[in-house]
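Notes follow the structure.
The sequence lines fix the lettering, A, B, ..., with proteins before strands; numbering per chain opens at 1.
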Amino acid sequence: MSENYDPHALVDKWLPVWEQRGIFAAGGAADPRPRRYVVDMFPYPSGDLHMGHAEAFSIGDAIARFEMMRGSNVLHPIGWDSFGLPAENAAIKRGMDPRQWTYDNIEVQAESLRRLGISLDWRTRLHTSDPEYYRWTQWMFLRLYERGLAYRKASQVNWCPVDQTVLANEQVIDGRCERCDSIVTKRNLTQWFFAITAYADRLLTDMAALEGRWPEHVLTMQRNWIGRSVGAYVDFAVEGRAEPVRVFTTRPDTLFGATFFVVAADSALAEELCAAEARAEFEAYREKVSAETEIDRMREDRPKTGAALARDAVNPVNGERIPVYAADYVLAEYGTGAIMAVPAHDQRDLDFARAFDLPVRVVVDTRLPDPTETGIATAGDGALVNSGRYDGLRKEEAIAAITADLAAHGVGEAAVTYRLRDWLLSRQRYWGAPIPIVHCPDCGEVPVPVEQLPVRLPESGYSLRPAGGLSPLASATDWVATRCPRCDGEASRDTDTMDTFVDSSWYFLRYPTLLSETAGYDRALDREELALWAPVDQYIGGVEHAILHCLYSRFLVKALYDGGDLDFVEPFTALLNQGQVIMGGAAMSKSKGNLVDLQGELARYGPDAVRVTVLFAGPPEEDVDWADVSPTGSAKWLARVWRLASEIGGSGGGEDVASGDPTLRAVTHRAVEEVTRLVSAFRFNVAIARLMELTTALRRAVDAGGLSTDPGAVAIREGAEALARMVSIFAPFTAEDAWRLLRRSPTVHEAGWPVADPALVARESVTCVVQVAGKVRDRLAVPSAISADDLRALALSSDAARRALDGREIRTVVVRPPKLVNIVPA
RNA sequence: GCGAGAGUGGCGGAAUGGCAGACGCGCCGGACUUAGGAUCCGGUGCCUUCGGGCGUGGGGGUUCGACUCCCCCCUCUCGCACCA
């Protein structure tokens, strides 16, 4: 053997060959092969790739390459989610342009992906921070704006009083500013929203199409996140207010049990309802609430607090006057920000009633102990009591009857509410897509005309941390000053940028467009290319994006469909959530000092061994603990595969495979059959185990002198070629060089996936276990086509079985030909 | 608290209701070696009087047969967490 296995040298040897042959570029419209669109969640360019990326891309690549090998025309694109906060923070820290940090990192990551051997079509490469991309993000915004799905309203934002700036949610760590550690408070600012709640029902109902193709728990999480509740609105007159106050309840049947009324302490409604004599107490309470940190709010079992507003509300069903309170256990953003409190049947209301010594009235007889005594509210079903003419009705009947009567009297109606809130997309940040709106003193809010897009970020004249909590863009005064697109008067640009989740909600729609030679760059979406590829057949990414990113993408696709821009309503036909790479039982982090250095592992073992290691460690959905795995084992196996090919060389070529040794051929074909099935089910760890077994079988055949006979050499070659082809989806460099060693050309990736011959997969003889009372007592070699009667006779004549039977009578014999007989003694 | 998922050797993990522990790591032994952190071969759940017995978090159940299905309990992970 003149050569040694050098996994590092193979990278430089084969990358140029693949690239020159363009074997990972998707075929165009004329390509007759079935098309498959396989998308890995695109990376955020925070430094170089880490082990988590390596795992995700190894999985996505195995899927993409498997499809390619099986004869599909695969689009496997790549891009970067390159807007976002870390670039801005790095820029502040180092006094440089966020562009430099971002694009430097992208180059590093791109080269790392290349050298991992991922089968990407680089023609799709996009960066969300490119003006050519965010131009179309702005277009998306305008498409939604046109239809009233993007709007502005006042909203609470996180505010750091020391840094004098707004903070994104992810910058608030345990209620404190991540930069200066001061306690974050809330501030009321006018913000942009997408009306995702308008799609809440469709986001729920369309999940039916995703059942079985998305992980069940992701669908569950999305359902919980959307949080649909069915109930009714009820209008309560409140003294001193012309309009009644509307509440939402899921239990209109308990309306007679309402003994007080609560509005959210931080709502405008509380402010408005507060009577003069209660003003001082209310303001003190509100003060206390707004000073509360997230830490306090998250604490479990915190006592109920509130303040009386010295007003009464009037229960519409019986005219009863009940006192109004402000409390922080009612959320301003959910429902109407006000509730009717039914302490007997709602634990939170009961807790409040006990704290404030308010009456408790049971109106549903659940046959459980009195809540007044126990302190435990009874939420279950039962017959109504103390409810006038509704007494005796069951819960569901009462809900229907009372809701109908409320509607008939114009004091309520059936209603559905959602936990899901509209998507707050404004960010007071620099490094994002500017919101394409101009504010004109005369015309108001005016969208920037599409032909004027992109609204480019200013490249100078801005401050990343302006004083007074302004958006960075507001400090770019030259940039802000513009003319109104409608009246041409002096006007100013909107100074917020979009949440980066907007950028990432549509990138998978952009990739196919970038393949189009005719469309060029004059539109966001090329319908013809999209028709070829979209929606995504297989999406691969971390479960951390299971709710937000996936939900936002689903929303945007539906909104674009409604706007006539797309022909489908779900972006991702199938979703695979890979686990994380952890270290020593915990997520990797700098502070824990348990980082696994991807480049270090690559330098030691080469890309193939790292890829095999993450795939072999366990099922793709499970976390991989790097402390538990061994790249050494993977490297050793790959070296064995390579040496095997090296020893076989050109042997066994030029003969008909049918002349090969049938025993070894059967081993090969069974491996092919199993690996094909396993990879189809994404069971890569087991597939690799089978490939290891095939490797061992071929090794044995070679060592037994198989290469010195024609049938032996032919079967060994057939097996080694099948092995190389199958290994190529996991360890492409090693497989490619093995292919060369086997004197094959041009590339293993163009050789196609091996096909199992059913005749060789079938077994003539199998091992049958003979059980007595369910315990294995003997093993028999039997023909696989054996009849039940023959097998029964054979099993009953087994010496070992008889011994175990020990003279006992036989009650019954279970025969499952050809693999099992169970003799059951009396 | 609510919801979802998971508990199998020293470790990662295999097993259409039918041979528990495939494959790999680690460990033990051997071969080849000046050497071995290379390579190859063999062994490796526990107990054992060597016949066998016991074993998939614990307890029950269904079944000829249960890691697998059902019920109860324990532990862990994840998600949500005053959502009216």
Separation of the [atom1] atoms in [N] and [M], to the nearest angstrom:
{"N": "B/G10", "M": "B/U33", "atom1": "P", "answer": "38 Å"}
{"N": "B/C69", "M": "B/G17", "atom1": "P", "answer": "8 Å"}
{"N": "B/A66", "M": "B/C19", "atom1": "P", "answer": "11 Å"}
{"N": "B/G9", "M": "B/U68", "atom1": "P", "answer": "15 Å"}
{"N": "B/C25", "M": "B/G42", "atom1": "P", "answer": "14 Å"}
{"N": "B/G21", "M": "B/U8", "atom1": "C1'", "answer": "7 Å"}
{"N": "B/C67", "M": "B/A22", "atom1": "C1'", "answer": "15 Å"}
{"N": "B/A35", "M": "B/G43", "atom1": "P", "answer": "26 Å"}

Minimum heavy-atom separation for A/Ala801 to A/Ile823, with atom names?
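So the two residues come closest at CB-CD1, 4.1 Å.
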
Shortest non-hydrogen contact from A/Thr403 toward A/Pro252
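Minimum heavy-atom contact is OG1-CG, 3.6 Å.
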
Euclidean distance, atom [atom1] of residue [X] to atom [atom2] of [N] [Å, nearest integer]:
{"X": "A/Arg228", "N": "B/C80", "atom1": "CZ", "atom2": "C1'", "answer": "19 Å"}
{"X": "A/Gln580", "N": "B/G79", "atom1": "CD", "atom2": "C1'", "answer": "13 Å"}
{"X": "A/Phe260", "N": "B/A84", "atom1": "CZ", "atom2": "P", "answer": "16 Å"}
{"X": "A/Arg699", "N": "B/G42", "atom1": "CZ", "atom2": "C1'", "answer": "17 Å"}
{"X": "A/Asn224", "N": "B/C78", "atom1": "CG", "atom2": "C1'", "answer": "13 Å"}
{"X": "A/Glu622", "N": "B/C11", "atom1": "CD", "atom2": "P", "answer": "17 Å"}
{"X": "A/Phe352", "N": "B/A84", "atom1": "CZ", "atom2": "C1'", "answer": "14 Å"}
{"X": "A/Tyr605", "N": "B/G37", "atom1": "OH", "atom2": "P", "answer": "15 Å"}

Looking for any heavy atom pair under 4.0 Å, which part of the strands does [X] touch: base, sugar-phosphate only, or nothing?
{"X": "A/Thr417", "value": "nothing"}
{"X": "A/Gln771", "value": "base"}
{"X": "A/Lys304", "value": "base"}
{"X": "A/Arg700", "value": "sugar-phosphate"}
{"X": "A/Val769", "value": "base"}

Indicate syn or anti for B/G30, taking the glycosidic torsion and treating anything within 90° of 0 as syn.
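In terms of base orientation relative to the sugar, B/G30 is anti.
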
Just label B/G65 as syn or anti from its O4'-C1'-N9-C4 or O4'-C1'-N1-C2 angle, using within 90° of 0 for syn.
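Chi for B/G65 falls in the anti range.
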
Starting from the 5' end of RNA chain B, give me the residue, A/Glu216 or A/Asp346, whose nearest nucleotide shows up first.
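Checking each residue's closest nucleotide, the 5'-ward one belongs to A/Glu216.
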
Is it the case that the ring center of A/Phe260 lies less than 6.0 angstrom away from the ring center of A/Phe352?
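Ring centres of A/Phe260 and A/Phe352 closer than 6.0 Å.
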
I'd like to check [X] versus [Y] (side-chain heavy atoms, cut-off strictly below 4.5 Å). Are they in contact?
{"X": "A/Arg251", "Y": "A/Val342", "answer": "no"}
{"X": "A/Tyr285", "Y": "A/Asp328", "answer": "yes"}
{"X": "A/Leu406", "Y": "A/Tyr233", "answer": "no"}
{"X": "A/Tyr329", "Y": "A/Val262", "answer": "yes"}
{"X": "A/Val263", "Y": "A/Val330", "answer": "no"}
{"X": "A/Phe684", "Y": "A/Val679", "answer": "yes"}
{"X": "A/Asp349", "Y": "A/Lys304", "answer": "no"}

Report the nucleotide, chosen from [options], that has the shortest atom-to-atom distance to any side-chain atom of [X].
{"X": "A/Arg777", "options": "B/G18, B/G53, B/C80", "answer": "B/G53"}
{"X": "A/Lys775", "options": "B/G3, B/C54, B/C19", "answer": "B/C54"}
{"X": "A/Arg683", "options": "B/G18, B/A84, B/A14", "answer": "B/A14"}
{"X": "A/Arg803", "options": "B/G79, B/G52, B/A14", "answer": "B/G52"}

Could you tell me whether A/Glu693 and A/Arg670 have a side-chain N and a carboxylate O separated by less than 4.0 Å?
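So A/Glu693 does not pair with A/Arg670 through a salt bridge.
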
side-chain N/O A/Thr767 vs B/C19 OP1/OP2, d < 4.0 Å
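No, outside the criterion.
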
Distances under 3.5 Å between nitrogen or oxygen atoms of protein and nucleotides 21-24 of chain B:
from, atom 1, to, atom 2, distance (Å)
B/A22, O2', A/Glu693, OE2, 2.8

Pairs counted only when both distances fall under 3.5 Å, Watson-Crick or G-U: show me the 5' to 3' dot-bracket for RNA chain B, [ ] for pseudoknotted crossings and | for other-strand partners.
(((((((..(((.....[....)))((((((.......))))))(((....)))..(((((..]....))))))))))))....

Step through the shown structure and confirm whether more than 12 heavy atoms of other residues, nucleotides or ligands are within 6.0 Å of CZ on A/Arg763.
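No.
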
